[in-house]
Amino acid sequence: MHYWNNFCIFASKTDDMTTIILKSRKEESILRFHPWVFSGAVARVLLDADHRSNEPEEGELVRVESADGRLLGVGHWQVGSIAVRLLAFGDERLKGLGDEWIRGLMHERIASAYRMRQRIGLLREDNNTYRLIHGEGDMLPGLVVDVYGNTAVVQAHSVGMHRCRQAIAEAITDEVSEVKAVYYKSDDTLPFKAPVEGDKTGWLINPESPEFPESPAPDEYWATENGLSFRIDWLRGQKTGFFIDQRENRALVERYAAGKDVLNMFCYTGGFSLYALRGGAKSVHSVDVSQKAIDLVNANVERNFPDCTNHKAVTADAFDYLSEQRAQGNQFDLIILDPPAFAKHRDAVKNALRGYQRINAKAIEMIRPGGILFTFSCSQAVDKEAFRLAVFSAAAQTGRRVRILHQLHQPQDHPINIYHPEGEYLKGLVLYVE
Ligand code: SAH
């Protein structure tokens, strides 16, 4: 026996699977289906007989038991403050665990996620872009799958999911009839320094048709969101290549855009800009600090509106750009602020809130009387109330009269597991500025 991270590990066990035993009364959240076991809740670890090292392996499938010996669930072991991410609870089909079980689990969860998206009308001729798996929200902690037409892009956020990647890819092509190819892109999402075997990027399933060349990503791949075409570059782009989570909020921008001068800050591939153009905006300015993003915006505008003369894309830092526009006395009728997560961790929340206040104050100052601001935060660590307070402070700083018209959030293909409220991350406010 030895000690590791404050709990003791017994290095031998006759059973076939490593078992994590919780401290007494630490099973309560799991009995309410919360999918995480924090390392502080672990009393003991009983390693299975095959272990060569003295610790569970990162990504290993482990069983979780209460202090009084009840089987609570099965999940992936992790190094860090979350010790286990649970894949199944209680005695939910926990027999014969192993590769076969994982394959069955992936098929069941992916089929259920796909069915949900079909039933709520997300898959249509004019919309083949959607998130198929949203981690805990689809009962697969550590996994994200975005679908672009006949290609799925998979991101593993845990070594456990990395180990399951082939089973995931096979379950996707078996269950989702449209998907023919599966690309894996996890170099930025797997825990830093985690011991990972095999490639972190590349095709998991590639039907070798001319449309899917052996090269890492086709040069020109287009997908459709609400009837608009977007070029998706999952290899060089951010995340899986596109921010699907703003689809419904973009549609709302379209409703307000007619006749307006629109400024889309942090535009990335220009999602909001395209909807504003379709909604009849008088002019649209798209701003992003990344030149690659601006190239994509221009390609997307050209593809959807070949004769467009009222769109301008600018590569610039958002704060500098707003200051410059202000100095020139420019104003807009509708501004969209969709910055990257200002707080990636809890310790960064204070600074993040200052950042949100600063950028929102700059934007509110630049809205013409009677104009509208769409403002967002995708920082999970900043909750709805804190974000609203930052925007409130920004409004107060400008002295403008401001009303909240809409309170926005993540869309239906980024569901929140009711037992895992931490899954809520995107929030937005639509403000009317007098
Ligand atoms: N609104 C986009 C998604 C925004 S993601 C959409 O609908 O798809 C955030 C974007 O902010 C990224 O494209 C990133 O390049 C850009 N960005 C990050 N820091 C920036 C800064 N200081 N100024 C301008 N853009 C920035």
Side-chain angles (χ1 to χ4, degrees), residues 127 129-131 144 146 148 153 188 222-226 228-234 236-254 257 262-279 281 284-301 304 311-326 334-344 348 351-352 354-360 362-363 366 373-380 382 408-411 413-414 425-430:
N127 194 78
T129 301
Y130 62 96
R131 176 156 290 190
V144 162
D146 286 342
Y148 302 112
V153 183
D188 290 337
W222 294 87
T224 311
E225 183 188 87
N226 284 332
L228 290 163
S229 293
F230 286 93
R231 186 171 159 195
I232 313 290
D233 185 348
W234 50 80
R236 290 164 287 260
Q238 301 174 33
K239 306 274 169 96
T240 65
F242 189 62
F243 286 86
I244 299 175
D245 59 0
Q246 290 287 22
R247 180 188 54 244
E248 308 301 321
N249 301 330
R250 289 174 187 139
L252 189 62
V253 162
E254 182 172 358
V262 175
L263 173 61
N264 180 11
M265 299 300 296
F266 308 95
C267 64
Y268 189 38
T269 57
F272 285 105
S273 306
L274 264 64
Y275 282 75
L277 286 169
R278 191 168 64 181
V284 177
H285 287 199
S286 305
V287 178
D288 201 286
V289 77
S290 148
Q291 182 58 45
K292 271 190 260 167
I294 294 300
D295 293 345
L296 282 168
V297 181
N298 284 326
N300 288 334
V301 170
N304 290 276
H311 176 258
K312 189 167 128 194
V314 182
T315 312
D317 170 80
F319 290 87
D320 294 349
Y321 184 83
L322 288 177
S323 302
E324 261 168 46
Q325 293 293 311
R326 175 122 204 270
L334 198 166
I335 299 183
I336 299 126
L337 279 188
D338 183 26
F342 281 172
K344 298 231 157 57
N351 275 340
R354 260 185 246 126
Y356 287 123
Q357 180 179 338
R358 202 153 71 87
I359 193 109
N360 277 280
K362 275 176 177 284
M366 291 196 41
L373 173 66
F374 277 69
T375 181
F376 296 96
S377 162
C378 60
S379 303
Q380 193 269 339
V382 172
L408 305 178
H409 38 75
Q410 65 216 61
D413 50 345
H414 292 59
Y425 73 99
L426 181 64
K427 51 253 153 221
L429 294 170
V430 182

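Atoms within each ligand, like the ligands themselves, are counted from 1 in listed order. Remember, predicted model here, so these are calculated numbers, not experimental data.
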| query | What does the list of residues with a heavy atom under 4.0 Å from ligand 1 look like, ordered by chain and number? | reply | Gln238, Phe243, Arg250, Phe266, Cys267, Tyr268, Phe272, Asp288, Val289, Ser290, Ala316, Asp317, Ala318, Asp338, Pro340
| If only atom types and distance count, is the side chain of Asn300 paired as donor or acceptor with the main-chain N or O of Arg231 below 3.5 Å? | yes
| request: Could you check if a side-chain atom of Ile336 sits within less than 4.5 angstrom of a side-chain atom of Val253, using non-hydrogen atoms only? | output: yes
| field | Counterpart residues, side-chain hydrogen bond (donor to acceptor under 3.5 Å, both in side chains), relative to Thr375 (two or more places apart) | value | Asn360
| For Lys362, what residues pass the side-chain hydrogen bond (donor to acceptor under 3.5 Å, both in side chains) criterion, not counting sequence neighbours? | Ser323
| field | Sole residue of His409, Lys239, His414, Arg131 in side chain to side chain contact (heavy atoms under 4.5 Å, CB included) with Asp245 | value | His414
| task | Please name all residues satisfying side-chain hydrogen bond (donor to acceptor under 3.5 Å, both in side chains) with Asp288, sequence neighbours left out, ordered by chain then number. | result | none
